[in-house]
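Counting starts at 1 for both ligands and their atoms, following the listed order. Just so it is clear, the model here is predicted, and its values are computed rather than measured.
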Amino acid sequence: MCGIVGVVATSMVNQTIFDALTVLQHRGQDAAGMVTSHNGLLCLRKDNGPVSEVFRTRHMKKLHGNIGIGHARYPTAGTSSSAEAQPFYVNSPYGISLAHNGNLTNTAKLKREVFESDLRHINTTSDSEVLVNVLAHELHEEGKLVPTPEDIFNALERVYKRIEGGYGVVALITGYGILAFRDPDGIRPLIYGSRETENGTEYMVASESVALDAAGFKIERDIRPGEAMFFDVKHNVHQRQCTPAKAARPCLFEYVYFARPDTVIDSISVYKARINMGDMLAEKIKREWADHDIDVVIPIPDTSRTAALEIAQALDIPFREGLVKNRYIGRTFIMPGQTVRKKSVRQKLNPVPFEFKDKNVLLVDDSIVRGTTSKEIIEMAREAGAKKVYIASAAPEVRFPNVYGIDMPAAEELIAHNRNVEEICELIGADRLIFQDLDDLIKACIDEKHSDVREFDTSVFNGHYIAGDIDKNYLSSLASQRSDAQKEAVESKSSNDMMHPM
Ligand SMILES: O=P(O)(O)OC[C@H]1O[C@H](OP(=O)(O)OP(=O)(O)O)[C@H](O)[C@@H]1O
Ligand SMILES: NC(=O)CC[C@H](N)C(=O)O
Ligand SMILES: [Mg+2]
């Protein structure tokens, strides 16, 4: 669930892109990159690591130009090698750099086509490198020395016909402008805004509205499903609907976990959705467990806080911050392997024993995916002297792999796969476990007043895949390529790290 950003400005963009990437860091903490363009030359810096480590002063000084794109990576395809950090670059035609959030679901077929028909070389295992080559090929087919926005959109219409999956993309076409486009279902988010300066209007496209807020851009609107926008170097904005217009079906997991609460996706406030999730879950507790004996509600920081506070209020039970988070440790779920995820839960969260001792606690999390966090925290709660440990999840059971840009490739790694609530409860060691119902989660996210979204990509909860040809064979080959065990084996053999140095 990477973070992407593109900026067309009237002065140097490096700091604005850096700032935007730090605000999008929660979407990807493994690698970061930026490309800027100055007098027809590109400046590229990318590497593994968080934004603040990848861009040192010495790099920032060299990132010249008033136009650029940036990326914060959470690997969901290929490997974690720094060679797969983004943006990706191809020199022909024009010099194209591309940053991608999401996952293509027909990468294998595209990779063959790119090699056999388009006569292009792919040097990594990244789906995003394939994507930049498909775009480059179709632009080349237009055959224009000086492409107009119409030429670019014509090429992009053919790209849409070739690629499948979930994607939000920004691409810098050297000397011409920034192209931004979103998948036909709007699974991945993409929004743009403007900022007035003495020298004219500046534009920013980003994965989340918080990036625009932080940099002082006024939100214009979300990019629509299947829509492309082109911000040219003269700051003109061009637009084309490249696939049939329809309401977005955004990824439900963005609202549950990925996005920052102060973000608004497709006119739905993530914060409001999380409040509603808390309300709905409290209703379920009242309905199904009227005689509960909960003494205190404790959130598992960070993401569950909003819903947990709401549950405590609705149940009229004290809310306590019984777990303290180390603010210098990143998000566990998006870490690249199970060993590091497990270790980091204990490094990241520490109990305040006083809040647990001799109490029946209701722990609240936004989601239980592999069960890594809940298992550890329940153990901690018991060690801290809790009498009973209950746990509630603001999302339903995650039972199916994700194929659109969340790294959950193997059903067997999901704690709820082929298990019922009692079995999951036993496995994580809780005294009682309550999951949100899917219908309630959907209701919690719908905002009829502000947004036309009525449906979501709910695939991880019900196995209903809305884009691409996702069948059993696809899922089993994905699992065999990207399960935790397989990834660890590949990463240990990877010799790519010396590629693409800067
Ligand atoms: O069942 P699991 O596989 O452990 O995954 C679910 C947990 O991972 C996430 O937390 P994370 O630490 O990534 O981020 P947060 O600090 O934003 O809550 C999420 O909020 C859950 O706590
Ligand atoms: N999380 C993402 O959006 C990842 C983008 C791309 N599939 C990669 O692995 O680099
Ligand atoms: Mg969490």
Side-chain angles (χ1 to χ4, degrees), residues 1-4 24-33 46 71-81 83-88 98-105 107 124-132 165-169 183 187-189 207 251 253-254 256-261 274 299-308 323 325-327 329-336 338 341-342 344-345 347-349 363-378 391 393-395 397-398 402-409 413-416 424 427-428 460 482 484:
M1 199 61 47
C2 306
I4 60 172
L24 296 173
Q25 184 80 86
H26 61 283
R27 299 183 67 84
Q29 56 198 23
D30 276 35
K46 60 175 180 173
H71 190 262
R73 182 173 190 229
Y74 156 54
T76 60
T79 71
S80 300
S81 160
E84 302 193 15
Q86 301 193 31
F88 273 102
L98 178 142
H100 164 218
N101 168 215
N103 243 31
L104 301 185
T105 54
T107 312
T124 70
T125 48
S126 164
D127 59 333
S128 313
E129 191 191 1
V130 174
L131 176 53
V132 70
Y167 47 91
V169 177
D183 66 77
I187 297 173
R188 298 272 65 93
S207 297
C251 168
F253 215 64
E254 288 278 354
V256 169
Y257 167 71
F258 266 104
R260 254 174 57 152
R274 288 184 189 161
I300 300 181
D302 253 341
T303 302
S304 70
R305 277 200 172 113
T306 319
L323 292 160
K325 182 181 164 245
N326 178 342
R327 69 177 71 204
I329 300 220
R331 297 183 108 181
T332 322
F333 175 74
I334 60 174
M335 287 177 179
Q338 188 57 10
R341 283 185 215 116
K342 216 170 152 200
S344 71
V345 174
Q347 284 177 333
K348 176 168 153 173
L349 298 169
L363 296 169
V364 177
D365 212 342
D366 50 270
S367 56
I368 298 174
V369 183
R370 299 179 180 91
T372 325
T373 310
S374 37
K375 230 189 241 170
E376 292 291 322
I377 299 295
I378 289 165
I391 181 158
S393 164
E397 297 91 316
V398 173
N402 187 285
V403 297
Y404 304 126
I406 306 177
D407 199 30
M408 301 176 191
E413 290 169 3
L414 307 170
I415 196 162
I424 305 166
L427 214 59
I428 60 177
V460 298
R482 288 196 58 80
D484 276 331

Would you say [X] has any N or O atom under 3.5 Å from an N or O of ligand 2, going by distance alone?
| X | answer |
| --- | --- |
| Arg73 | yes |
| His71 | no |
| Glu84 | no |
| Pro75 | no |

*Within the structure, does Arg331 bring an N/O atom to less than 3.5 angstrom of an N/O atom in ligand 1?*
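N/O-N/O distance below 3.5 Å exists for this pair.
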*Distance-only N or O hit between ligand 1 and Ile300, under 3.5 Å*: no
Within a distance under 4.0 Å of any heavy atom of [X], pick out the atoms of ligand 2 and give their elements.
| X | value |
| --- | --- |
| Ser128 | 6 (C) |
| Tyr74 | 1 (N), 2 (C), 4 (C) |
| Gln86 | 5 (C), 6 (C), 8 (C), 10 (O) |
| Asn103 | 7 (N) |

May I ask you to identify the nearest protein heavy atom to [atom], giving residue, atom name and distance to one decimal place in Å?
| atom | value |
| --- | --- |
| atom 3 (O) of ligand 1 | Arg370 N, 2.8 Å |
| atom 11 (P) of ligand 1 | Thr332 N, 3.5 Å |
| atom 13 (O) of ligand 1 | Tyr257 OH, 2.6 Å |
| atom 16 (O) of ligand 1 | Lys348 NZ, 2.9 Å |
| atom 1 (N) of ligand 2 | Met1 N, 2.3 Å |
| atom 17 (O) of ligand 1 | Thr303 OG1, 2.5 Å |
| atom 2 (C) of ligand 2 | Cys2 SG, 2.6 Å |
| atom 4 (O) of ligand 1 | Thr373 OG1, 2.5 Å |
| atom 20 (O) of ligand 1 | Asp366 OD1, 2.5 Å |
| atom 8 (O) of ligand 1 | Phe333 CB, 3.3 Å |

Nearest-0.5 Å distance, [atom1] of residue [X] to [atom2] of residue [Y]:
| X | Y | atom1 | atom2 | answer |
| --- | --- | --- | --- | --- |
| Asp407 | Glu413 | CG | CD | 8.5 Å |
| Lys375 | Ile424 | NZ | CD1 | 11.5 Å |
| Arg274 | Asp366 | CZ | CG | 7.0 Å |

Taking all atoms of both residues into account, what is the closest heavy-atom pair of [X] and [Y], and its distance?
| X | Y | answer |
| --- | --- | --- |
| Arg341 | Phe333 | NE-O, 3.7 Å |
| Ala308 | Val364 | CB-CB, 3.7 Å |
| Pro299 | Leu323 | O-CD1, 3.7 Å |
| Ala83 | Lys46 | O-NZ, 4.3 Å |
| Ala416 | Glu397 | CB-CB, 3.5 Å |
| Pro301 | Leu349 | CD-CD2, 3.6 Å |

*What part of Asn101 sits under 4.0 Å from ligand 2 if we count only heavy atoms: the side chain, the backbone, both or neither?*
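Near ligand 2, Asn101 shows its backbone as well as its side chain.
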*Tell me which part of Thr372 gets within contact of ligand 1: side chain, backbone, both or neither, using heavy atoms under 4.0 Å.*
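Both backbone and side chain.
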Could you check whether any side-chain N or O of [X] sits under 3.5 Å from a backbone N or O of [Y], counting only pairs where one atom can act as donor and the other as acceptor?
| X | Y | answer |
| --- | --- | --- |
| His100 | Tyr167 | no |
| Glu254 | Tyr257 | no |
| Arg73 | Gly33 | no |

*Nearest to atom 22 (O) of ligand 1 by heavy atom, Leu414, Ile377, Asp365, Val256: which?*
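It is Asp365 that holds the nearest heavy atom.
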*Within less than 4.0 angstrom of ligand 1, does Ser374 place any heavy atom?*
no
*Assess Gly102 for proximity to ligand 2: is some non-hydrogen atom of it under 4.0 Å away?*
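Contact present.
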*With heavy atoms of Ile368 as the reference, note each atom of ligand 1 found under 4.0 Å away.*
1 (O)
*For ligand 1, which atoms sit closer than 4.0 Å to a heavy atom of Gly371?*
1 (O), 2 (P), 3 (O)
*asked:* Which residue is it: Ile4, Asp183, Val169? I am looking for the one with a side chain to side chain contact (heavy atoms under 4.5 Å, CB included) to Asn101.
replied: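 Checked Ile4, Asp183, Val169 against Asn101; only one passes side chain to side chain contact (heavy atoms under 4.5 Å, CB included): Ile4.
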*Does any non-hydrogen side-chain atom of His26 lie less than 4.5 Å from one of Asp302?*
no
